Structure formats: structure tokens, C-alpha cells
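Only this structure's heavy atoms are used, side chains among them; waters, hydrogens and symmetry mates stay out. Position 1 is the first residue of the sequence; numbering continues from there. What you see is a predicted model; the values in this text were computed from it and never measured.
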Amino acid sequence: MNDLYDTPWLYDLQHDGYRDDLAFYRRLAEDQGGPVLELGAGTGRVTLALAEVGASVVALEPNVAMRERAAARLAAAAQRRPALAERVRFIDGDARTLALDERFALIVAAFNTLMHLERMIDQDAALRRVREHLAPGGAFACDVFVPRFGPPGVVRAEPAWAALAGPGADLFTWQHHDPVAQVVVSHHRLDRLDSGGGVTRQAATLRQRYYQRLELERALRAAGFSDVRCYGDFERGPVRAGSDVWAFVARG
Ligand SMILES: C[S@@+](CC[C@H](N)C(=O)[O-])C[C@H]1O[C@@H](n2cnc3c(N)ncnc32)[C@H](O)[C@@H]1O
């Protein structure tokens, strides 16, 4: 169902320009001052930002296409700054079954990665594993979007993203939301003109299990985390009714 991740260039088209969270995760890496484990590293958007502030990063990503694109991004950046390549190690893996020999000063699951843990048993397993992989004094940080959905199935044109796909491209998105299962499925269709004058259509979907704020806070506490903080933005402001994200920092 999450075949958006099998077309990482389409994922990047929509998300690569997102910068709101980078300073939040960079600052945590600097404050924690030790090795970082990134869960769901995707195409390396946050990975690179962490490496740029000197962090050693183990970047775990289960999708091979996403991982390869992240590695290519790192290789490109390392042409200008070779030290970056030495700081990052990409690994295959799954947050639910994490079993590494190393322990980390900081573990991050940025940009809705926890939303791929659909069942409570998966969430609890992953959070327990995360805590076990923290070094003494270590911190876990993650963020999830605040669930707010428009009417189901209404198609939206996304001209700003389509423009990135080249002249004549059209990108449309729509969502179906199941409030009982707390699942939202996002559909993406990209139409591009090919060289023969025809149209090539790329379709992708993304399924996410969204959270309520106190649900995630309770899950973190149940996994043994202490000092669980939830912020309403990436500047560590309070949670407000209009917050778009919940950013959590918890101690092991
Ligand atoms: C929304 S993307 C976030 C990517 C990246 N962190 C970013 O900020 O752009 C979520 C990522 O989590 C990965 N993922 C899905 N299930 C996972 C799991 N069980 N354990 C770890 N990562 C997972 C996906 O393959 C995807 O790359």
C-alpha cells in the first residue's frame, strides 16, 4: 500500500523542500553530542542535516529504493564535504525488531515515521526497542502531524509540486480517512508529457496510522520513557489548538 516509497523521486518531489523540522533535530543532535540512530531515514533529508552538524548517524531505512536515493544524496553532498560520507552508515531494518550492538545518545523518527506502525503491538514493540538502544542520558525524538482531514476523495491539484516535475506536468492528490482505524490513505497521480507527445501517468499511495496526542504520550510512558515532552511546533512551543505537528522528546 505504501508504494509512494517505491518511487522515491516522487516522494522527494513533494517533501524534499520541507525544512521546518531540520533545526529541531540538528539542535537535539548537538545537545546530545553522541551517535544518532535515525529510524525511517527515507531519502536522507534529515540524515544529511544531522551529518552536517557533525553527528555520526546510523540511518535505518527498510525500503531499498528510498535507501539507495539517500545514499546517492549523501554521495553527492560528500563531493563537496568528504567528511559527511564518513559520518553516515545506512542500514536495512525495522523499528519493531531493532537489535543493534550499539547504543545511541539520540534516536529520531522524523516526519511521521511512527505512522507506519499501524497496530498497537507494533508501536509498543518499536518504542521498547528504541528505549533499549539509548545510551545512558539518551533521548528519543519524533514528530507526527496533527490529524485534520478535509472531505474524503476530493481531488486537489498541486501545481507547485507538479512544476518541479517539468513543464506540462500535473499532480493531483486526494485522501480517504478512516476515523475508526485512525488510518488515512493518500493517493497521488502525476501526469507528465512524454517525448512522443503522450501522457505518462505515475500513481502512488501512502497509508498512515495517525495518532492522538495523548495516545502517543501514553505509549511513550508505557514503553518506559521518562520526562516525555510534547511540543506544538519545532521551536519547542506549547501545543495549541492550531498546531500542525506534535514533536515529542523523551528520555530513556
Ligand atoms: C514519511 S517517511 C520519512 C522519511 C524521512 N525521515 C524524512 O523526514 O523525509 C517514513 C519512512 O519510514 C520508513 N518506514 C516504514 N516502516 C518502517 C518501520 N517499520 N521501521 C522503520 N522505518 C519504517 C518508510 O520506508 C519511510 O521511508
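Cluster membership check: Val184 shares its hydrophobic cluster with Trp246, using side-chain heavy-atom separations under 4.5 Å among Ile, Leu, Val, Met, Phe, Trp and Tyr. Hydrophobic clustering (side-chain heavy atoms under 4.5 Å, transitive across Ile, Leu, Val, Met, Phe, Trp, Tyr) groups Leu13 together with Met66. In the hydrophobic cluster analysis, where Ile, Leu, Val, Met, Phe, Trp and Tyr join through side-chain heavy atoms closer than 4.5 angstrom, Leu60 is grouped apart from Leu106. Linking Ile, Leu, Val, Met, Phe, Trp and Tyr residues whenever their side-chain heavy atoms come within less than 4.5 Å places Leu39 and Leu216 in a single cluster. Tyr18 and Leu4 fall within a single hydrophobic cluster, where Ile, Leu, Val, Met, Phe, Trp and Tyr are joined by side-chain heavy atoms under 4.5 Å apart, directly or via other members.
Annotation: cation-pi geometry not satisfied between Arg229 and Phe248 (NZ/CZ under 6.0 angstrom from ring centroid, within 45° of ring axis).
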Exercise for the section: Begin from the C-alpha positions of Asp244 and Val146 and carry the test side chain to side chain contact (heavy atoms under 4.5 Å, CB included) through to its verdict. Expected result: CA-CA 5 Å; Asp244 292 322; Val146 175; 5.5 Å; no
Exercise for the section: Please lay out, stage by stage, how Leu84 and Val88 fare under the test side chain to side chain contact (heavy atoms under 4.5 Å, CB included). Expected result: CA-CA 7 Å; Leu84 292 176; Val88 179; 6.0 Å; no
Exercise for the section: Could you go through the side chain to side chain donor-acceptor pair (under 3.5 Å) check for Glu158 and Gln14 one step at a time? Expected result: CA-CA 9 Å; Glu158 307 282 6; Gln14 299 175 63; over 6 Å; no
Handout entry: side chain to side chain contact (heavy atoms under 4.5 Å, CB included) evaluation trace for Gln208 with Leu206
Key = CA-CA 7 Å; Gln208 292 166 301; Leu206 183 70; 3.7 Å; yes
Practice task
Go through Gln212 and Leu214 one step at a time and tell me if the side chain to side chain contact (heavy atoms under 4.5 Å, CB included) criterion holds.
Solution key: CA-CA 6 Å; Gln212 298 302 333; Leu214 297 180; 6.0 Å; no
Handout entry: Test side chain to side chain donor-acceptor pair (under 3.5 Å) applied to His133 and Glu102, step by step
Key = CA-CA 7 Å; His133 281 75; Glu102 301 152 81; over 6 Å; no
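Between Ala29 and Val53, the shortest heavy-atom contact is CB-CG2, 4.4 Å. Nearest heavy atom pair, residue Ala59 against residue Ala41, reads CB-CB, 3.7 Å. Considering every non-hydrogen atom in both Leu134 and Ala139, the closest pair reads CD2-O, 3.3 Å. Of all the heavy atoms in Val185 and Thr205, the pair that sits closest is CG1-CB, 4.5 Å. In terms of heavy-atom proximity, Ala85 sits nearest to Leu74 at CA-CD2, 4.0 Å. Closest approach of Thr43 to Arg73, counting heavy atoms only: O-NE, 2.7 Å.
Atom CZ of Arg67 sits about 9.0 Å away from atom CD1 of Ile91, to the nearest 0.5 Å. In this structure, Asp124 CG and Met120 CE are separated by 8.0 Å, a value rounded to the nearest 0.5 Å. Taking OH from Tyr25 and CD from Glu38, the interatomic distance works out to 9.0 Å, rounded to the nearest 0.5 Å. Note that the CG atom of Asp94 and the CZ atom of Arg129 stand 10.0 Å from one another [nearest 0.5 Å]. How far CG of Asp31 is from CZ of Arg26: 13.5 Å, rounded to the nearest 0.5 Å. Atom CD of Glu217 and atom SG of Cys230 lie 6.0 Å apart (nearest 0.5 Å).
Other residues, nucleotides and ligands place more than 12 heavy atoms under 6.0 Å from the CZ atom of Arg148. By the 6.0 Å contact criterion, CZ on Arg201 is open, its count of non-hydrogen atoms from other residues, nucleotides or ligands being 12 or less. Atom CZ of Arg236 sits in a crowded spot, with more than 12 heavy atoms from other residues, nucleotides or ligands closer than 6.0 Å. In the displayed structure, Arg156 atom CZ is contacted under 6.0 Å by at most 12 heavy atoms of other residues, nucleotides or ligands.
Contact annotation: the side chain of Phe225 never approaches that of Arg251 to less than 4.5 Å [non-hydrogen atoms, C-beta and beyond]. Val144 places a side-chain heavy atom less than 4.5 Å from the side chain of Met115. Between Glu52 and Leu48, the closest side-chain pair of non-hydrogen atoms falls below 4.5 Å. The side-chain heavy atoms of Arg45 and Asp16, taken from C-beta on, include a pair separated by under 4.5 Å. Phe234 is not listed as a side-chain neighbour of Leu22, based on a closest heavy-atom distance of 4.5 Å or more.
Taking the six-membered ring for Trp, His116 and Tyr5 have ring centres closer than 6.0 Å. Proximity of the aromatic rings of His15 and Phe111 is defined here by a centroid distance below 6.0 angstrom, and this criterion is met. For Tyr210 and Phe145, the distance between ring centers is not under 6.0 angstrom.
Side-chain N or O atoms of Asp233 include one that pairs as donor or acceptor with a backbone N or O of Gly237 at under 3.5 Å. Side chain of Gln202 to backbone of Leu190: no donor-acceptor contact under 3.5 angstrom is found. Between the side chain of Arg189 and the main chain of Ala203, no donor-acceptor pair closer than 3.5 Å is present. No donor-acceptor pair under 3.5 Å is formed between the side chain of Arg96 and the backbone N or O of Ala126. In this structure, Arg103 contributes its side chain and Glu132 its backbone to a donor-acceptor pair below 3.5 Å.
No hydrogens or angles considered: a donor-acceptor pair under 3.5 Å links the side chains of Asp6 and Asn63. Using a 3.5 Å distance cut-off with no hydrogens or angles, the side chains of Gln182 and Glu215 do pair a donor with an acceptor.
A salt bridge between Glu118 and Arg207 is present, with a side-chain N of the basic residue lying under 4.0 Å from a carboxylate O of the acidic one.
Using a 30° and 60° split on the angle between ring planes, Phe24 and Tyr231 fall in the perpendicular class, above 60°.
If you run side-chain contact (heavy atoms from CB on, under 4.5 Å) between Phe140 and each of Val249, Val108, Leu220, only Leu220 comes through.
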